[in-house]
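Working notes, structure below.
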Amino acid sequence: MTTIQLVIELGNFIILTVKIVLGTYDVITTINAVLFVSYKTRNMNYLTKKMISLGLSSISSLYVTKTAGEILFDGYEEPILSTLSWLPIPDVSDRFGIFYGKNGTIGTDGIFSMSFLNDDYFGSLLTWNYKTRTDFYEGHCNDIKGSAGEFYPLNRKRDRLVLYSSELCKYAELEYTEDVTIKGVRAYKFSADNIFDNGTTRPENACFCKGECIPSGVFNVSACRSNSPTFLSFPHFYGADPYYLNTIEGMKPDKKKHEFYITVEPILHIMT
Ligand SMILES: *[C@@H]1O[C@H](CO)[C@@H](O)[C@H](O)[C@H]1NC(C)=O
Ligand SMILES: *[C@@H]1O[C@H](CO)[C@@H](O)[C@H](O)[C@H]1NC(C)=O
Ligand SMILES: *[C@@H]1O[C@H](CO)[C@@H](O)[C@H](O)[C@H]1NC(C)=O
């Protein structure tokens, strides 16, 4: 089973979310990837746009019907992308899949090195793919820091817990929210509610926008996906700007179902 929520924004016009809870052979109908081409051309001149628009209207369909496996992992061929390849559009391949090339890559998210000294940085990343910084975002947003998820220093405080996500190509700071008890074990709960903030609540997040901010709650990971326009949110735009809820029908964000948090036992700092 695969559960995924995908958000695609094309210029300022279409925002689409697809929630898939399926086996990989189930057939689904979704927006055609070829529309990414129109996103790519949003800053081009009128004539080029007109030509592409003409090309798209004559041969392509707005929707495609494929198996979930093709849409997610295997990718599917889109002839129109090759047809259009003579146009000056960067980074368009003739096969499209959201996680194309990612199947079976567990453990190959790159080379991580982490600190194992018994101090405040125990378990923290030192480098990712031999680098101490990335260039996906701007300024300190490119820092490689925080735990890779497995190990943490002893004696957690009620502060922020920093994780590094190679999926997002960024660190994420989870905030302490409350003490909880899980199966009799006392733990601190850290919530990820603000990790997709655009700098409004957390000014230090502004450098993730790379110049072009969008309303909070949706995160632009395009730079981390070979520049294919990809945006992530929590399911049902949980915690996001009402802008998204008002634009799309059928969203029902629910803290109980959709929030992301981590609980840790504070002394040994083990996830509970
Ligand atoms: C992923 O890879 C495994 C092993 O190669 C294969 O059995 C499986 O069918 C693949 N799944 C998809 C969705 O491509
Ligand atoms: C950033 O997010 C806030 C809160 O969601 C929103 O009011 C603001 O318009 C956003 N900024 C941009 C540039 O979209
Ligand atoms: C998303 O990020 C890409 C790569 O950094 C950038 O080119 C694009 O303008 C951004 N899009 C939006 C809507 O912020």
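Below, all heavy atoms of this structure are taken into account, side chains as well, without hydrogens, waters or symmetry copies. Ligands are counted one by one from 1 in listed order, and the atoms in each one are counted from 1 as well.
- For atom 7 (O) of ligand 2, the closest non-hydrogen atom of the protein is Asp241 OD2, 3.8 Å.
- Applying the 4.0 Å criterion to heavy atoms of Glu212 picks out, from ligand 3, the atoms 8 (C), 9 (O), 10 (C), 11 (N), 12 (C), 13 (C), 14 (O).
- For atom 14 (O) of ligand 2, a protein heavy-atom neighbour is present inside the 4.0 Å cut-off.
- Near Thr200, the atoms of ligand 2 lying under 4.0 angstrom from a non-hydrogen atom of the residue are 1 (C), 2 (O), 3 (C), 4 (C).
- Ion pairing between a basic and an acidic side chain is recognised when a charged N comes within 4.0 Å of a carboxylate O; Arg160 and Glu204 show such pairing.
- Here Ile214 has backbone heavy atoms under 4.0 Å from ligand 2, and that is the only part of it that gets that close.
- A cation-pi arrangement is not found for Lys210 relative to Tyr137, the charged atom failing to lie both closer than 6.0 Å to the ring centre and inside a 45° cone about the ring normal.
- The existence of a salt bridge linking Asp179 and Arg158 is confirmed by a sub-4.0 Å separation between a basic side-chain nitrogen and an acidic carboxylate oxygen.
- For Lys170 and Phe136, the positive end is not near the middle of the six-membered ring at less than 6.0 Å and at most 45° from its axis.
- Hydrophobic clustering (ILVMFWY, side-chain heavy atoms < 4.5 Å, transitive): Leu163 and Tyr261 are in distinct clusters.
- Atoms of ligand 3 found under 4.0 Å from any heavy atom of Lys210 (numbered from 1 in listed order, with element): 5 (O).
- Comparing Asn220, Asn198, Val218 by heavy-atom distance to atom 3 (C) of ligand 3, the nearest is Asn220.
- Between Glu175 and Arg202, at least one side-chain N (NZ, or NE/NH1/NH2) sits under 4.0 Å from a carboxylate O, which counts as a salt bridge.
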